[in-house]
Amino acid sequence: MKRGIAYYHLPGLFEFYELYKVFLPLFREHGEYFYDWCDIGSVYGAPADCIWGGGRAGFGDDDAKKVLDLMKGYGISARLTFSNSLLREEHLLDKKCNALCRLFEETGDIQNGVIIHSDLLLEYLKKNYPNLYFVSSTTKVLTNFQDFLKEVKREDFQYVVPDFRLNKSFDRLNTLTQIEKDKVEFLCNECCWFGCKDRKRCYEAVSRKNLGEHYPEHHCTAPNAEQGYRFSKAMKNSGFIGIEDIQNSYLPMGFSNFKIEGRGLGSALVLEFLLYYMVKPEYQIHIREAIYLDNMLDLF
């Protein structure tokens with residue numbers, strides 16, 4: 001990890017393979033298009049029908065080996081989003097999820113990871129797949145700073161993603177040691193209502209859906225929830241972290257890791273995230289043209 005560099009953890013490992021297949025060559029071959037103070041730390045996601053999945057219901061259907069080969073070719077860590085909060089002992093033997101862990105563990109020089117909520121799953125993975133690293137999921141909804149700090153101090157986790165409502169707690173964040181700061185991964189572009197009290201229940205509803213359990217659908221009661229995700233709305237969120245925040249506040253304080261959400265959204269919107277966070281304004285049109293004119297990529 002280089003000081004003064006923002007490492008982005010990007011959404012859609014399985015969901016947006018076709019987008020990254022076009023974007024990553026541009027990123028490597030046209031460094032002049034991109035801010036020199038940022039890099040890609042990882043790409044995360046989960047295929048469809050993974051009962052260990054959480055956060056969002058996975059819908060990616062690209063071949064895992066093909067996905068890993070792309071990441072490996074560009075020296076990028078791949079993360080499985082296995083943040084289901086309601087796992088039971090019998091779920092640990094799931095063949096598909098175990099096969100993915102075996103594949104992700106054996107990739108050579110680039111270490112891959114798992115984003116995780118369940119301590120039951122954590123202990124199982126530590127025992128059976130020790131070459132993976134672990135990320136404490138934002139689905140734990142760690143809004144209390146002391147709870148978050150306790151999580152950061154756990155040796156099990158290489159990174160910890162706090163709830164977005166702690167993003168601007170600068171006085172307390174600045175009391176962390178540098179080792180602790182290196183473990184913090186801020187969720188930048190959350191659109192959820194800052195005053196939401198149902199966030200944990202919302203994630204639990206997704207966990208039940210991934211387990212195939214039938215419960216009443218969770219209905220968001222936040223203001224304007226019917227609009228769905230809007231990047232323009234996320235930018236007005238009190239917890240939003242923009243590029244000026246990263247440059248002027250977080251990097252000088254010693255924080256380096258920033259998570260971009262969006263694997264449940266469309267690839268056209270994810271492209272807008274990539275452009276905003278990584279590409280100089282005068283070159284964004286070049287990236288758009290290269291991607292929109294790729295006839296193999298359907299963004300809409």
Side-chain angles (χ1 to χ4, degrees), residues 1-2 5-47 56 58-81 100 103-115 132-133 135 159 185 187-189 231 243 246 256-300:
M1 185 180 295
K2 297 179 181 178
I5 298 294
Y7 292 92
Y8 290 122
H9 302 275
L10 304 176
L13 178 65
F14 295 88
E15 298 88 341
F16 305 125
Y17 168 81
E18 296 294 337
L19 172 61
Y20 287 119
K21 191 170 69 171
V22 180
F23 179 80
L24 291 178
L26 294 169
F27 179 64
R28 290 300 186 219
E29 296 167 13
H30 293 280
E32 72 276 13
Y33 292 178
F34 296 84
Y35 296 120
D36 59 8
W37 49 264
C38 70
D39 204 346
I40 298 174
S42 73
V43 182
Y44 66 92
R56 297 289 182 271
F59 59 87
D61 57 3
D62 279 297
D63 177 74
K65 181 66 166 60
K66 183 174 66 173
V67 166
L68 272 180
D69 285 344
L70 179 66
M71 295 299 120
K72 186 177 180 181
Y74 289 95
I76 296 172
S77 178
R79 294 179 178 178
L80 292 164
T81 304
L100 283 166
L103 180 64
F104 272 56
E105 189 183 38
E106 301 173 2
T107 54
D109 295 335
I110 304 301
Q111 187 182 22
N112 297 320
V114 179
I115 303 171
L132 295 170
Y133 69 85
V135 181
Y159 300 97
E185 186 178 309
L187 180 57
C188 294
N189 60 327
F231 195 24
I243 57 173
I246 292 171
S256 300
N257 291 287
F258 303 90
K259 180 175 183 175
I260 310 301
E261 77 163 42
R263 64 193 183 98
L265 305 174
S267 53
L269 188 50
V270 171
L271 174 59
E272 291 305 311
F273 300 155
L274 299 175
L275 293 171
Y276 171 79
Y277 280 105
M278 300 182 68
V279 183
K280 299 172 184 176
E282 63 269 28
Y283 291 112
Q284 291 181 5
I285 186 61
H286 297 282
I287 302 292
R288 283 194 180 93
E289 286 178 336
I291 291 178
Y292 290 160
L293 294 177
D294 188 314
N295 292 327
M296 299 301 293
L297 183 61
D298 182 9
L299 286 176
F300 300 99

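- Checked against the 6.0 Å centroid criterion, the rings of Y33 and F23 do not qualify as a close aromatic pair.
- Expressed to the nearest 0.5 Å, how far CD1 of I76 lies from CG of N112 amounts to 11.0 Å.
- Annotation: the span from L26 atom CG to Y20 atom OH amounts to 13.5 Å, rounded to 0.5 Å.
- E272 places a side-chain heavy atom less than 4.5 Å from the side chain of R288.
- Side-chain atoms of R79 never come within 3.5 Å of backbone atoms of S42 as a donor-acceptor pair (strictly under, hydrogens ignored).
- For the pairing with H9, the ring-ring contact (aromatic ring centres under 6.0 Å, His included) check across Y159, Y277, Y44 returns one residue only, Y159.
- Taking the side chain as every heavy atom from C-beta outward, M278 and I40 approach each other to under 4.5 Å.
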Run D69 and K66 through side-chain contact (heavy atoms from CB on, under 4.5 Å) and show every step you take. CA-CA 5 Å; D69 285 344; K66 183 174 66 173; 5.7 Å; no

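- When all heavy atoms of E261 and N189 are compared, the closest pair comes out as N-OD1, 2.8 Å.
- The CD1 atom of I287 lies 11.5 Å from the OH atom of Y292; values are rounded to the nearest 0.5 Å.
- Here the shortest heavy-atom pairing between F104 and A78 reads CE2-CB, 3.7 Å.
- Summarising the geometry of C188 relative to F258, their closest heavy-atom pair is SG-CB, 3.5 Å, with the distance given to 0.1 Å.
- Distance CZ/F273 to CD1/I260: 8.0 Å, rounded to 0.5 Å.
- Here R263 pairs with E15 in a salt bridge; the nearest charged N to carboxylate O distance falls below 4.0 Å.
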Please test K280 against Y35 for side-chain contact (heavy atoms from CB on, under 4.5 Å), starting from the C-alpha separation and ending with a verdict. CA-CA 6 Å; K280 299 172 184 176; Y35 296 120; 3.9 Å; yes

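- Nearest heavy-atom pair across P47 and L100 is CG-CD1, 3.7 Å.
- Between Y283 and E32, the shortest heavy-atom contact is CE1-O, 3.3 Å.
- Here the closest non-hydrogen pair linking S77 and G41 is CB-O, 3.7 Å.
- Note that CD1 of I285 and CG of L275 are 9.5 Å apart. Values are rounded to the nearest 0.5 Å.
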Intermediate values then yes/no, side-chain contact (heavy atoms from CB on, under 4.5 Å), I246 and W37: CA-CA 10 Å; I246 292 171; W37 49 264; 3.9 Å; yes

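- With a 4.5 Å cut-off on side-chain heavy atoms, F27 and D39 count as touching.
- Although no hydrogens or angles enter the test, the distance criterion places a donor-acceptor pair under 3.5 Å between the side chain of Y276 and the main chain of I243.
- Between the side chain of K72 and the main chain of I110, no donor-acceptor pair closer than 3.5 Å is present.
- To the nearest 0.5 Å, atom OG1 of residue T81 and atom CZ of residue F14 are 9.0 Å apart.
- Not a single donor-acceptor pair under 3.5 Å links the side chain of E185 to the backbone N or O of K259.
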side-chain contact (heavy atoms from CB on, under 4.5 Å) evaluation trace for I291 with L19: CA-CA 8 Å; I291 291 178; L19 172 61; 4.0 Å; yes

